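Heads up: the structure comes next, in structure tokens.
As the structure is a prediction and not an experimental result, all values here were calculated from the model. Any value given below was found using the heavy atoms of this structure, including those in side chains, with hydrogens, waters and symmetry copies removed. Throughout, protein chains are lettered first and strands after them, A, B, ... in sequence-line order, and every chain is numbered starting at 1.
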Amino acid sequence: MLKHPYPPYMSPVAPPMRHTNFKTWRPYISPFDPCPPERIKVYNTPPNLYLGFQPPNLPQFPPREALRRGTLWPALFSPYEGYNRPVEREGDGCDGLSSR
Amino acid sequence: MDCHRDNEHRKMPEEYYQLLEELQALDFVLLELNLYLDTHPNDLNAVRQYNDLVKKRKAVRRQLVSIAGPLSHFGHDYVSCPWNWDDTPWPWQV
């Protein structure tokens, strides 16, 4: 019998997401909102949220690059968006159901 | 006996900057490994790497002190005459 890749309570809507550091959601916009609405809100999801207890012997950056990047392990590297370096951002996806 | 040295035109040798950057890089890696080992005390590879880097750091530091004078005072580094632990460049002046 084919072993289902997802546990039963997780319906296989989309393939497993490639990790992204930034995700977005669309807040409710009220007609009485005095300020211009923010249609898309962005939130940061660094790798440590998904990593749990760090496994030993992860690959490492060389010392100078580690200093430049701010972490010793590529698996934990999560840069903020820079002017010259747009960060890959996943569209309307969101882990929770809040944005539906 | 008296000895003088002026500070304004003090120009650091080229290798000072390389050594300083290397020391900073080693310090950062040691810091990361330290934090990692706090939660993974039995990771032998990390402990070995940590000790290798400590050995390397001591060598880099000795070289740097020989070039640019003491990095810290209160007995952590040798000094020369005139008393030079407070010489320029300070970290923010480098």
| field | Hydrophobic cluster identity match, B/Leu35 and B/Tyr50, side-chain contacts under 4.5 Å | value | no
| Under a 4.5 Å heavy-atom cut-off, does chain A meet the side chain of B/Gln49, its backbone, both or neither? | side chain
| query | Among residues 51-63 of chain A, which residues come closer than 4.5 Å to chain B, judged by heavy atom distances? | reply | A/Phe53, A/Gln54, A/Pro55, A/Pro56, A/Asn57, A/Gln60, A/Pro63
| Atom pair CZ (A/Arg64) and CD (B/Gln18), whose distance is rounded to the nearest 0.5 Å | 7.0 Å
| field | Common cluster, B/Ile67/B/Val65, ILVMFWY with side-chain heavy-atom separation under 4.5 Å | value | yes
| request: Grab the two heavy atoms, one from B/Glu21 and one from A/Leu67, that are nearest each other, plus how far apart they are. | output: O-CD2, 4.4 Å
| Which distance, rounded to the nearest 0.5 Å, do you find between the CG of A/Leu72 and the CZ of B/Phe28? | 7.0 Å
| Is the count of non-hydrogen atoms from other residues, nucleotides or ligands lying under 6.0 Å from B/Tyr78 atom OH greater than 12? | no
| said: Let me check something: do B/Leu30 and B/Leu71 share a hydrophobic cluster, defined by ILVMFWY side-chain heavy atoms less than 4.5 Å apart, either directly or through other members? | reply: yes
| Do you reckon B/Leu33 sits in the same ILVMFWY cluster as A/Leu76, going by side-chain contacts under 4.5 Å, direct or chained? | yes
| If Ile, Leu, Val, Met, Phe, Trp and Tyr residues are connected whenever their side-chain heavy atoms lie under 4.5 Å apart, and connections chain through other members, are A/Trp73 and B/Leu26 in the same group? | yes
